[in-house]
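Here is the structure we will look at, set down as structure tokens.
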Amino acid sequence: MSQYLARRVAALVIVLGVVSVIAFVVTRLVPGDPAGAMLGLEAQEEDIRAMRERLGLDRPLPEQYVRWLGLALRGDLGDSVFIHKPVTQAVTERLEPTVLLMVMAETVALVVGITTGVISAVRRGSWIDQGFMLLTLFAVSVPEFWLGLNLIILFAVQLRWLPSSGYLSLAEGHLATFSHLLMPAVSLGLIHSALIARMTRSAMLEVFGQDYVRTARAKGAPSRLVTFRHALKNAMVPILTVIGLSVAGLLGGATVAETVFAIPGVGQLVVNSVSRRDYPVIQGVLLLAAVVNVVVNLVLDLLYLLVDPRIRYA
């Protein structure tokens, strides 16, 4: 086990190194010049050149990358060009709404996805199963922004039950925070629940055909015990894999939801940074997103050991 963890950590370092190169190169491919964007359209060429020198953008790209990577290894992701703050501070200040949104959305996805998947598997071939699978197909096909806008029209404009946009921090009241994040969390969670539901149904149906499940039923075990203790528990490995993909997908989906609902989170920070050519912020957020992804994958590998004792890592 320790050797496996050592190999995974080494692979993690390699992946982050590759991602750092990609993040650095991609930001340089974005059209525009941050120095020119900072100084405006009427800036003189001499002023733009001086600003590029001050920002270090006149140096060769390999030198810029080595300098940025060296600072990143010490925990310094640089300073934002436009908001004049360290990138770590800018991200930390906007982290609360993004993390809460992702947690709420994943909770919705898990509750709706696993519940509908289990019911569809138990009622295979019934109108309930067909209805749930039709809804999951609809959810997979619907764009996140379209669902979010329709939720705003229904619950904020027509019914006036929830605020249409904005965010209030936990310090201003937990209920207010919940009400502002409910619609974006539902719009994100419902879409991600579709894949979880379909995988849960598929994995459960496969387990239902195993001998130990038929034996449990033949012995007269209650259907609820067979469903949850024998079937769902042994179907969790593929379900966990899909949950991991869902968590990774929420990183991108949160950006769309924050834009639609005007939530001042990390996603909004990235969108504004791209439009302003704020290289340090874009690079820093991409690197942090890569860290989250590789950590999630590592945690999933460890969870496999808990749900299926037959799995062994040499």
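Quick caveat: nothing in here was measured; it's all calculated off a predicted structure.
Here the side chains of L77 and L288 are in contact, with some heavy-atom distance below 4.5 Å. By the 4.5 Å heavy-atom criterion applied to side chains, S179 and P163 are counted as neighbours. With a 4.5 Å cut-off on side-chain heavy atoms, I152 and F261 count as touching. Here the side chains of P184 and L188 are not in contact, with every heavy-atom distance at 4.5 Å or above. Looking at heavy atoms from C-beta onward, I114 lies in side-chain contact with V118 at the 4.5 angstrom threshold.
For the residue pair V112 and S193, the shortest heavy atom distance occurs at CG1-OG, 3.7 Å. Among all heavy-atom pairs drawn from T98 and E258, the shortest one is OG1-OE2, 2.6 Å. Contact between A235 and M204 at its shortest, heavy atoms only, is CB-N, 4.1 Å. Residues E106 and L250 approach most closely at OE1-CD1, 3.0 Å, considering heavy atoms. Here the closest heavy-atom approach between residue L181 and residue L101 is recorded as CD1-N, 4.1 Å. Of all non-hydrogen atoms in A194 and T136, the two that sit nearest each other are CB-O, 3.4 Å.
Between the side chain of T116 and the backbone N or O of G113 there is at least one donor-acceptor pair closer than 3.5 Å. In this structure, T177 contributes its side chain and S169 its backbone to a donor-acceptor pair below 3.5 Å. Not one N or O on the side chain of S202 forms a donor-acceptor pair closer than 3.5 Å with the backbone of M199.
The hydrophobic clustering, which links ILVMFWY residues whose side-chain heavy atoms are closer than 4.5 Å, places V256 and V142 together. L135 and L205 fall into different hydrophobic clusters, where Ile, Leu, Val, Met, Phe, Trp and Tyr are joined by side-chain heavy atoms under 4.5 Å apart, directly or via other members. Linking ILVMFWY residues whenever their side-chain heavy atoms come closer than 4.5 Å, directly or via other members, places V207 and F228 in the same cluster. In the hydrophobic clustering of this structure, V157 groups with M183; members are Ile, Leu, Val, Met, Phe, Trp, Tyr whose side-chain heavy atoms approach within less than 4.5 Å, directly or through other members. With hydrophobic clusters built from ILVMFWY side chains whose heavy atoms lie under 4.5 angstrom apart, V25 shares a cluster with W68.
E172 CD: more than 12 foreign heavy atoms inside a 6.0 Å radius. Y65 OH: more than 12 foreign heavy atoms inside a 6.0 Å radius.
With respect to D129, the side-chain hydrogen bond (donor to acceptor under 3.5 Å, both in side chains) criterion is satisfied by exactly one of R201, R124, R123: R201.
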Verify side chain to side chain contact (heavy atoms under 4.5 Å, CB included) between E144 and H192, making sure each step is shown before the conclusion. CA-CA 10 Å; E144 295 170 356; H192 286 270; 3.9 Å; yes

I would like to know whether L286 and V19 meet side chain to side chain contact (heavy atoms under 4.5 Å, CB included); could you show each step before the answer? CA-CA 8 Å; L286 287 177; V19 170; 5.5 Å; no

How far apart are the C-alpha atoms of V295 and V291, what are their side-chain angles, what is the distance that settles it, and do they pass the side chain to side chain contact (heavy atoms under 4.5 Å, CB included) test? CA-CA 6 Å; V295 169; V291 171; 4.2 Å; yes

Intermediate values then yes/no, side chain to side chain contact (heavy atoms under 4.5 Å, CB included), E63 and V66: CA-CA 5 Å; E63 182 180 345; V66 171; 5.9 Å; no

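For R217 and F208, the positive end sits near the middle of the six-membered ring, less than 6.0 Å away and at most 45° from its axis.
Considering OG1 of T227 and CG of L232, their distance stands at 9.0 Å, rounded to 0.5 Å. Separation of atoms OG1 (T255) and CD1 (I263) is listed at 11.0 Å; rounding is to 0.5 Å. Note: L287 CG to I22 CD1 = 11.5 Å, rounded to the nearest 0.5 Å. Taken to the nearest 0.5 Å, the OG atom of S246 stands 4.5 Å off from the CD1 atom of I196. Here the CE-CG distance, from M104 to L182, works out to 5.5 Å after rounding to the nearest 0.5 Å. Separating the CG atom in L100 from the NE2 atom in H180 is a distance of 13.5 Å, to the nearest 0.5 Å.
Between F155 and W161, the ring planes lie tilted relative to each other; the angle falls in the 30° to 60° range.
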